[in-house]
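So that the names make sense, note that chain A is the first sequence line, chain B the second, and so on, each numbered from 1.
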Amino acid sequence: MPPRLNILSSACKALARGVTRPVTVAAAPHQQQQNAFLMAAARRFSDNTTSPTTPPGQDDSVLHPSMFPQNQQSDHQIALSKLEMVAYGLNPFDVSVDGHKFGLPELPIPSEMHKSYRYDAVVNLMTKLLMKDGKLAKAQRDMTLILAYLRKASTPKLNPARPLVGYAPAPEFLPLDPVMYLRVAIDSVAPLIKIRHFKGMAGGGRALEVPAPLAERQRRRTAFGWILDAAAKKKSKGSGRTMFPHRVAEEIVAVVEGKSSVWDKRFEVHKRGTAVRANLNDFRLKTLM
Amino acid sequence: MASTTRHGLTSALRGVPKTLYTRQTQSLQQQFQSLRLSESAAVTNGCRCLTTEAIKAAPEVDLEALKTRKVHEVRHARAIPASPGYFSRVAKFNDTYIALEKLLAQYGNLPTIPATEVERVQWRTYSDFATGVGEKIRLIDYKRCLAIVKRLNQIHPKLKPAVVKTALESFKREIQAYKNVPKPIPIDKFGRALGVGKRKSSSARAFLVEGNGEVLVNGKTLAEYFGRVHDRESAIWALHATGRADKYNVWARVDGGGTTGQAEALTLAISKALMAHEPALKPALRRAGCVTRDPRRVERKKHGHLKARKSPTWVKR
Amino acid sequence: MSAPNCLRCLGRRPSTATTVTAAGRCAPFSTTAVNGNVPMRAKTPNPMAKEIGFRSGARLTIKKKKVNHNEGKAPAPGERKAYRKKIVLSNDNALPVPWLKNMNAEHLASPQSAGKVLSLPSELQDQLRASEAFQPSQNWGFFRKPSTLVRTETVDLVTRMQDSASEKKTLRLVVTGSKLVGKSTMLLQAMAHAYLNGWIVIHIPDAQELVNASTEYGRIPETEPTQYMQPAYALKLLQAIKKANEKVLAKINTVSSHPELPQNIPVNTPLLTLVNAAKEAEGAWPVFHALWSELTNPNANRPPVLFSLDGLSHIMKMSEYRSPSFELIHAHDLAFVRLFNDVLSGNLKFPNGGAVLASTSRSNAPRSPSMEISLAQRKAEQAGAAPEELPKKEPYFKGYDDRVEAVLKSVEVMEVKGLTKPEARSIMEYWAASGMLRAAVDERTVSEKWTLAGNGVLGELERASLLTMKYF
Amino acid sequence: MASTANSLRLCLRTSRQTSSAVSPLLRRALSTTTARCGMPGNTSYLTPTGVTKSEIPFYNQTFQDPSEYLQTVLKDASASPRDKQRAQQMLKAWEEIPIDQKRELQQLTKDAQNEMVPLRRHMRTRPTQFWSAHEQDPDLITDEIGEDDFEEDDIMAGAHGKLEEHREYREYARIAVWEMPLLANFAKKFEPPAEGEVLRFRYTSYMGEFHPADRKVVVEFCPRDLDLTEAQQLKLCKLAGSRYNPEKETIKMSCERFEHQAQNKRYLGDLIAKMITTAKDPTDTFEDIPLDTRHYKKKKNQISFPKEWYMTPERKAELEAQRKRSLMIDTQKRARHELVDGVQMIEAGIAEMEPVEELVAVKRGKAPAARPLRR
């Protein structure tokens, strides 16, 4: 940065700081309008940093400043400093001065904006589990068909004996949010534990069964594995590329409605776990753990 | 007669100009200057070797000189080492260290610039330097040495004397990683920036120009070129993540590889071009995963394997 | 591997074959049974094999994973196809869109409604469903009510239809365009307009069915060159026509009696009864022919007729059918195709005006070079190109077909393009309002999807916004 | 000793100076080469092949001392006056030499003579044997006997080979340094072909080596450059057939039928002339035959950056206007609460749905509905 520009910018800053906001806003509405317009111009009429708050403005014939999105303090600062730069005979919108043309997205940008994490975690995991022979494209197409089916499927009738997870919304919501639908179905049937078998530890060559807790990802994986098994046993109605995804989707609906056999599997695992939980403090395990 | 010839030979080997001999005022010390170890050779082949710099052909024997000179002066010559530290354990290192200290004492009071302002230099590592010198240097000594070097390096570039610069040169690595900075992408007179991206075995060149969100890949629209929505999305991900999808037009040439590779090569190409237009977007693009080139390639097939890792089935006998 | 066999046969007990054969009849070291005049027996596993124990050692036994087929009965024949072709037009989960208006007779022709989304009234739905205007590949099933975006092209097409009807002319037009761009939807909108305005609509939903030898066919006597009728298809088509145009047909009466029909249809009977005369396949073709002659009868007051066909390139080539001399029949020798082509080429006119529309298909379409070239020429002509700078035929290419070019000599061509951004915005607003697009529809989103959809190709727009795994 | 050496040197120098007049004796005294005759006035030292010995003057005759020889030279009519006067001087010099030295010299020459006889014997080139029949390089013609035995007087054959290699290198190095630069003198500046020069010939050279392809000649020309009418040009293209390139609109023909380049070129020239005459004759212009370009595989269409995307001021303004418009639309819709947001819509829609009656969980096992239904 050449020294001259340095001085100028510091001067701009000082001036910008010197001007207090109420003055610009209240005392000089015209000025503010100008600023607002300037802001818009500065962002080349792009609405990148717009906040959803809508200011009350009825006059829509012209581009009324009050229509502009206003997260005020910073914007006024920007506009003012730009004005000062104009006063000093610099190009305020010079890219080399501030390296953007249309305003900057506020950082950190949300995680689903990352190329590798664009899909919801559950959807991603399920897609990978659907995948066979590394054919990801096919798996993704199947997943889209599943979600489409869930959207069109009629509102599920919940079974009170098979309660869904805590965060599950009202059943009317589910078809309108297929990803939530999927997540609810899977998290509801996801087992909390698995049974580990220690070979020959129970004596007489019998395996010692010990319950072990599962992490979230493991639980989901197990649950979807069960769902896929159940879907494999189904007979598909139609033909063509929709056969498999529709079977899976039907199974998911069945899970949410509490009709699926997956619930039994979960129940079995939990029962077994409670039965063998005494083995947790078995002396033979002490040697291992 | 015989002695004269031998003398001529030796003098030739030493490559000492004949004037030395003709002039009577020539000291043994001077003679043995010619016997000193040459730094460069020592550095290159890392061992102490007795070399004469620039082997010249023997000068023509002129008989007058032979007649006039008294030969017995140089007959009983003993080698006297050039450096006083010759018989110490790490002679060369000591010399350099002493030289550095002298430099510091001499120029230490020149105005310096803060260490953050100094242009970054990669100094030679301990092992590198030690092998280069060919002496068993202690690490601590080398550290001390480097401290001086860095201090000298802080001298204001405008005022830094040439001797200091030359002295520092021997401590710099041959390859300075900080020197290779990528060339900034220019924006041509049509307002285009050309970004190049690669992925797997595909490569893409994307011209990015301000526009209204049209994309042409090899002359086709995005939908015509990429059958898969996922690929289309990843192709323009840089624009999508920064909310520029409706602000720019893309005209791209892609070749090699498959659809995924081409799409993600485009991602990289477009994001580079976008950074040329708007440098301030780099952090955002980094967080969107559009800046780093994905180095993964197909793993090579190995001999004795059917594929990269698959080995043939074991057969008994 | 002969050697082990030989060693084995040394150790083997005399097998059945060798016992039977006389001595010296078989080579000493051969394992093959002698089949001279010896009656061969059915192969029986050698009882001695085990105790002699050749092929000893471990054997590779691959355990087949048993899949238990304990489900119910398999779906009946045709059921799968029915499921595949099932067309769902409503989705109760979708939110009702308050500002959605029902389509009426004037809407499609008025420029004001360009860029608006209009829903189809239920009666119209039934008519369109009867004439198979909806396709399973289109995403009607996402929304509460089937509704379409009225595009400028639609308005243009419909106004031309209206004009031709009012001037008692026949609009002859081919709808082309790239993949998924909405050609069939354009036909559907045209048909919707026709139904709403009391036209008679004959729609052939898939031209492929006419030519791929899937329905029975027979020669039509005393026709030169020989034509072929497709009675089963005729019946199907007649029923579709009846269901779709019931009201209109009930109003119109016949102007001539049709002695060739088994049932006697006196003059001034409503066409509906004429159509109903077709009960089963064999009677169907004459009835259809009679209906056709009634509709195209010059001295009768008929409503305008819309004759539309989807998948033009199928009927612009040789069909799969074979003539008695086992040669391939040209598609134009099939009676239905012939009728369509007569109108399309302008040889035959609807007395009270009407339109004949054909749309090309991109998903499943055979190449028809002469169709492509002549459509390109028509397009160039409409663009105002001089006759010498029209696209030329390859002089040495064999695959051209003069009959096709004769048909397409003077048709109009309308190319459907991608949506404009305002159109895209309006339809995306409709999607969002019915809860199928979980995003705020502002210019940026619209433009982004527009880009992803290859500059606003409608089908791609749906794929990118409705059929996606993306969690908005 | 030294004096004799001096006199010898003198003689040698003289003999060196007399370019044409050869002194066989003195020359032979220090040479191992075969006896060659220098015919006076003939500067070339070729062995007289085809010339009979009788014609050669003083062939194999030896002189006792230089004076005799010089005398002959003076007598010789064909000797140039310069040589003669040189001879005079030398004769004078010879006279001045004291007699004993002369005698010594004669003695010396005798001895030399005797020593030289075996060396001077005419060396016969070996009759080419069967094995060396096709041998190009005479150095490689050897007889195997006594080839490998190595008496300690020389370096080994390999070393000789190495030296030979070095000589070769250095020869080429010399050429590179001294002769290559001279090629610059032959450099001609390029002048584009004139109006009349429509044919472009291409020749192939393999740097003097023989190659079956170096006779090939290729000619390329554009029918439009010839002064022909449209129809004639078209006919010419049709005649050329698959040699016509529709994209570049050129005709390209080659010929390697004949043995020499010139013949091929001639043939091509005649052929083109014939074609042009045929194209010109109006009896049959192949109107009915369309131009056949099936042989030519067209390149993939060369796509290029669309011109209308270039960032001109108009374009900039247009884009600004578009953005302004779109921002206007959004802001207005926001202001009027007309901006459709899918999520909000869903929440609103759900809110106005009539609530379904709440299902109550009953104790497990009691309720039959609780038992999972199997498909």
Got a sec: does the [atom1] of [X] have more than 12 other heavy atoms crowding it under 6.0 Å?
X: K102(D); atom1: NZ; answer: yes
X: K252(D); atom1: NZ; answer: no
X: L182(D); atom1: CG; answer: yes
X: E119(B); atom1: CD; answer: no
X: Y172(D); atom1: OH; answer: no
X: R224(D); atom1: CZ; answer: no
X: R296(B); atom1: CZ; answer: no

(request) Starting at CG of N212(B), measure out to CZ of R315(D) and round the result to the nearest 0.5 Å. (result)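 Result: 5.5 Å between the selected atoms.
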
(message) Nearest 0.5 angstrom please: N249(B) CG to L319(D) CG, how far?
(response)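 Going from the CG atom of N249(B) to the CG atom of L319(D) covers 7.5 Å.
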
[X] vs [Y] side-chain heavy atoms within contact, under 4.5 Å:
X: E320(D); Y: E210(B); result: no
X: Y310(D); Y: K189(B); result: no
X: R192(B); Y: M311(D); result: no

(request) Could you walk me through whether W309(D) and V250(B) pass the side-chain contact (heavy atoms from CB on, under 4.5 Å) test, one step at a time? (result) CA-CA 10 Å; W309(D) 288 8; V250(B) 180; 5.8 Å; no

(message) Quick check on T312(D) against chain B: is it the side chain, the backbone, both or neither that has a heavy atom closer than 4.5 Å?
(response)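 T312(D) has no heavy atom closer than 4.5 Å to chain B.
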
(request) Given side-chain contact (heavy atoms from CB on, under 4.5 Å), test I303(D) with W251(B) step by step and report yes or no. (result) CA-CA 10 Å; I303(D) 53 172; W251(B) 188 86; 4.1 Å; yes

(request) Give the ring-plane orientation class for F305(D) versus F207(B), where under 30° counts as parallel, over 60° as perpendicular and anything between as tilted. (result)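 Answer is perpendicular, since the angle exceeds 60°.
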
